S.K.: 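Okay, here's the structure, questions in a sec.
Letters go in sequence order (proteins before strands), and every chain restarts at 1. Bear in mind that the values here come from a model prediction, so they are computed numbers and not experimental data.
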Amino acid sequence: MARLTSLAEAIEENVRDGDSVTMEGFTHLIPFAAGHEVIRQQRKHLTLYRMTPDLIYDQMIGMGCADKLVFSWGGNPGVGSLHRLRDAVERGWPHQLEIEEHSHAAMANAYDAGAANLPFAMFRGYIGADLAKVNPNIRQITCPFTGETLAAVPAIRPDVAIIHALKADKKGNVLLEGIVGVQKEAVLAAKRSVVTVEEIVEDLGAVSPNAIILPTWTVTAIAEVPGGAHPSYAHGYYKRDNAYYKAWDPIARERDTFLAWMKDNVLDKGPDAYARYARGA
Amino acid sequence: MDHTANEMMTIAAARPLRNEDVCFVGIGAPSAACNLARLTHAPDITLIYESGTIGTKPDILPLSIGDGELCDTALTTVPVPEMFRYWLQGGRVTLGFLGGAQIDRFANLNTTVVGPYDAPKVRLPGGGGAPEIASSCGEIFITMALSPRGFVDGLDFITSTGHGEGGDHRQRLGMKTKGPTKVITDMCIMEPDPETKELTVVSIHPGVTREQITEACGWPIRFAGEVVDTPAPTAEELTTLRDLQERTRRAHAA
């Protein structure tokens, strides 16, 4: 059964130095508050998985949490580069970052394989693509029935998955709606999971029979953090803060402005700082 | 009405889209072209973004491939693994519309690195959905501004395969789809030569000369035997595009 707790305790108990961690949310429901808590607790040597590192991993990489990044598209969507990611890859600041790079199809399939308790994922991909030459985890497999050559990548089986969802009920059942990305797969593929939610309610109420629900026995810890996906968004609660994504570009360009921003907005703040982005705030 | 080169590019990119297309849309210039087509001559076109939104009809252009606007106006929204497995790999998408940082004469795209992979001069965002969009969609359109830095004589890294080394290379790699059939720039439209698959200029935008195109392309660009003039934007095309961009600007500033 999921434990309803505070964000600080959920991270303290479930994310350890050296863990492999996935924090998913495809543009929607990115767990920013949880990522900031990982930064505040100064976790180190993490292997971070995420299809689109987005600003949250730019911040975590810049603050020195990660030794390795596994990803498939590393930009600031619609804006440009992730400058902290680039600084780590191009100039080794704050320290060298190992990268393992895939395509979206590969990572989506690898989460699916992890959730399905398979050792690897198989798909028709990477045809003629140079990533297969530089990433030894991209291999080929021959179909035993047709002889077709297909791509294979290892399943993603992280130590811990961290996601943000819309609601949980008092028992710890979690509801996701809207752009649901790969979060269900990420949680089911991981050994442990931390879920932040916009609200904890008595009962999830009348939801569609096909809504995505993670039963309480699939989740380790749940913390209520209203606004916790900002500047990403929560379907039906608040919109994506596109102006913030644009404003991040000049902040992240220089190390000094980045560090000053992180001190003011993350290190010196707590999960309550998100409440002003929540619905009705 | 006067128009900019960028407006001409978007409008020229929108025109070949068909009402019956099922189109996998890249963010940025492709997204503008696809939505312009939907708001003008192709109202029933199915637009798909890789966030899982199928049949989306956004009133403004999304900044990311997963803005809420896309989900709110979609016919249905599916999980991302399903998007790549059933819909893209499943062969349901007739057209993929991509942009890129660099392109070569056989319409291969690089969005990964400039310089060596292990010690890049410039680290670009990477492939995202593009490697499998390029191989799984029925055909591919590409749109990007023509410049010597973008249209290069040899790529440092092939992120997604166009026509490979040219000729029948795609087929030899085992792909059954057409690959890139049009590259729409701010100066002209290119199409692959039917035999060699080398990109050749087939249509030149108003006010642009062959010399300007030759100068802006990083390889010795060829012109097709018969090159036509791209029709200038109509008032309807320009007004619709400008209204869309103004709505988008206001929404993203809010």
S.K.: Would you say the side chain of B:Val80 lies within less than 4.5 Å of the side chain of A:Met107, judging by non-hydrogen atoms?
M.R.: no
S.K.: Taking CZ in A:Arg139 as the centre, count heavy atoms belonging to other residues, nucleotides or ligands within less than 6.0 Å. Is the count above 12?
M.R.: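 No, the 6.0 Å shell around CZ holds no more than 12 heavy atoms from other groups.
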S.K.: For chain B, which candidate among A:Pro53, A:Gly74, A:Gly75 shows the most heavy-atom pairs at distances under 4.5 Å?
M.R.: A:Gly74
S.K.: More than 12 heavy atoms of other residues, nucleotides or ligands under 6.0 Å from CZ of A:Arg91: is that the case?
M.R.: yes
S.K.: Enter the distance from B:Glu69:CD to A:Lys239:NZ here, rounded to the nearest 0.5 Å.
M.R.: 6.5 Å
S.K.: For the atom pair CG (B:Leu88) and CZ (A:Arg124), what is the distance rounded to the nearest 0.5 Å?
M.R.: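 Separation between the atoms: 10.5 Å.
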S.K.: B:Ala74, B:Pro79, B:Pro131: which one forms the most heavy-atom pairs within less than 4.5 Å of chain A?
M.R.: B:Pro79
S.K.: How far does CG of A:Asp130 sit from CG of B:Asn110, to the nearest 0.5 angstrom?
M.R.: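 Nearest 0.5 Å value for the CG-CG distance: 8.5 Å.
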S.K.: Could you tell me whether B:Lys197 atom NZ has more than 12 heavy atoms of other residues or ligands within 6.0 Å of it?
M.R.: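 Yes, enclosed.
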S.K.: Could you walk me through whether B:Leu63 and A:Arg240 pass side-chain contact (heavy atoms from CB on, under 4.5 Å), step by step?
M.R.: CA-CA 10 Å; B:Leu63 185 66; A:Arg240 190 174 190 266; 3.7 Å; yes
S.K.: Side chain, backbone, both or neither: which part of A:Phe123 has an atom under 4.5 Å from a heavy atom of chain B?
M.R.: both
S.K.: Roughly how far, to the nearest 0.5 Å, is the CZ atom of B:Arg123 from the CZ atom of A:Arg86?
M.R.: 9.5 Å
S.K.: Which heavy-atom pair separates B:Phe84 from A:Ala108 by the least distance, and what is that distance?
M.R.: CD1-CB, 4.4 Å
S.K.: Heavy-atom count around B:Arg92 CZ within 6.0 Å, excluding the residue itself: above 12?
M.R.: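 Not more than 12 within 6.0 Å, no.
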S.K.: Tell me, for A:Met51 versus chain B, whether the close heavy atoms (under 4.5 Å) come from the side chain, the backbone, both or neither.
M.R.: side chain
S.K.: Out of A:Ala105, A:Ala129, A:Ser81, A:Ser72, return the one with the most heavy atom pairs under 4.5 angstrom to chain B.
M.R.: A:Ala105
S.K.: Of all the heavy-atom pairs spanning B:Pro120 and A:Glu90, show the shortest one and how long it is.
M.R.: O-CG, 4.3 Å
S.K.: For each of A:Val134, A:Val182, A:Val79, A:Ile99, tally heavy-atom pairs with chain B at distances under 4.5 Å, and name the one with the top tally.
M.R.: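 Of the candidates given, the most pairs with chain B belong to A:Val134.
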S.K.: With a 4.5 angstrom heavy-atom cut-off, which part of B:Glu82 approaches chain A: side chain, backbone, both or neither?
M.R.: neither
S.K.: Under 4.5 Å from any heavy atom of chain B, what part of A:Phe71 do you find: side chain, backbone, both or neither?
M.R.: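 For A:Phe71, side-chain heavy atoms alone lie under 4.5 Å from chain B.
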S.K.: Using the rule given for side-chain contact (heavy atoms from CB on, under 4.5 Å), can you reason through B:Ser51 versus A:Thr27, listing the C-alpha separation, both sets of side-chain angles and the distance that settles it, and then say yes or no?
M.R.: CA-CA 8 Å; B:Ser51 53; A:Thr27 309; 5.6 Å; no
S.K.: Take B:Glu132 and A:His104 through the test side-chain hydrogen bond (donor to acceptor under 3.5 Å, both in side chains) and record every step on the way to the result.
M.R.: CA-CA 8 Å; B:Glu132 285 74 27; A:His104 280 349; over 6 Å; no
S.K.: Go through it in stages, so that I can follow the logic: the residues are A:His28 and B:Cys71, the test is side-chain contact (heavy atoms from CB on, under 4.5 Å), and I'd like the CA-CA distance, side-chain angles, deciding distance and then a yes or no.
M.R.: CA-CA 10 Å; A:His28 179 217; B:Cys71 179; over 6 Å; no
S.K.: Out of A:Thr149, A:Asn76, A:Asp112, which one racks up the most heavy-atom pairs below 4.5 Å with chain B?
M.R.: A:Asp112
S.K.: Taking atom OH of B:Tyr86 as the centre, does the number of heavy atoms from other residues, nucleotides or ligands within less than 6.0 Å exceed 12?
M.R.: no
S.K.: Report, as yes or no, whether the 6.0 Å neighbourhood of atom CD on A:Glu148 holds more than 12 heavy atoms from other residues, nucleotides or ligands.
M.R.: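 Yes.
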S.K.: Is B:Gln171 atom CD crowded by more than 12 heavy atoms from other residues, nucleotides or ligands, each under 6.0 Å away?
M.R.: yes
S.K.: Roughly how far, to the nearest 0.5 Å, is the NE2 atom of B:His252 from the CG atom of A:Asn242?
M.R.: 4.5 Å
S.K.: Quick check on B:Pro81 against chain A: is it the side chain, the backbone, both or neither that has a heavy atom closer than 4.5 Å?
M.R.: both
S.K.: Can you check side-chain contact (heavy atoms from CB on, under 4.5 Å) on B:Asp67 and A:Tyr233, steps first, answer last?
M.R.: CA-CA 9 Å; B:Asp67 281 21; A:Tyr233 68 103; 5.6 Å; no
S.K.: Heavy-atom count around B:Arg172 CZ within 6.0 Å, excluding the residue itself: above 12?
M.R.: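 More than 12 within 6.0 Å, yes.
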S.K.: Please classify the contact between A:Leu176 and chain B as side chain, backbone, both or neither, with a heavy-atom cut-off of under 4.5 Å.
M.R.: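 For A:Leu176, neither part sits under 4.5 Å from chain B.
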S.K.: Chain A: which of B:Ile27, B:Val78, B:Asp118, B:Thr77 shares the most heavy-atom pairs with it under 4.5 Å?
M.R.: B:Thr77
S.K.: Is B:Thr161 reaching over with its side chain to a backbone N or O of A:Gly128, donor-acceptor style, under 3.5 angstrom?
M.R.: yes
S.K.: Give me the atom names and distance for the closest heavy-atom approach of A:Trp73 to B:Gly127.
M.R.: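 Looking at all heavy atoms of both residues, the closest pair is CD1-C, 4.1 Å.
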S.K.: Who wins among A:Leu82, A:Ile212, A:Leu131, A:Thr52 for the most heavy-atom pairs under 4.5 Å with chain B?
M.R.: A:Leu131
S.K.: Using heavy-atom distances under 4.5 Å, tell me whether B:Thr159 contacts chain A through its side chain, its backbone, both, or neither.
M.R.: backbone
S.K.: Could you give the distance from OH (A:Tyr126) to OG (B:Ser135), rounded to the nearest 0.5 Å?
M.R.: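 Going from the OH atom of A:Tyr126 to the OG atom of B:Ser135 covers 11.5 Å.
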S.K.: Could you tell me which portion of B:Tyr117 (side chain, backbone, both or neither) has an atom closer than 4.5 angstrom to a non-hydrogen atom of chain A?
M.R.: side chain
S.K.: Measuring heavy-atom distances to chain B, does A:Lys246 have an atom under 4.5 Å in its side chain, in its backbone, in both, or in neither?
M.R.: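 The side chain, not the backbone.
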S.K.: Please look at B:Asp72 and chain A and tell me whether the side chain, the backbone, both or neither of the residue comes under 4.5 angstrom of a heavy atom of that chain.
M.R.: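 Just the side chain, heavy atoms under 4.5 Å.
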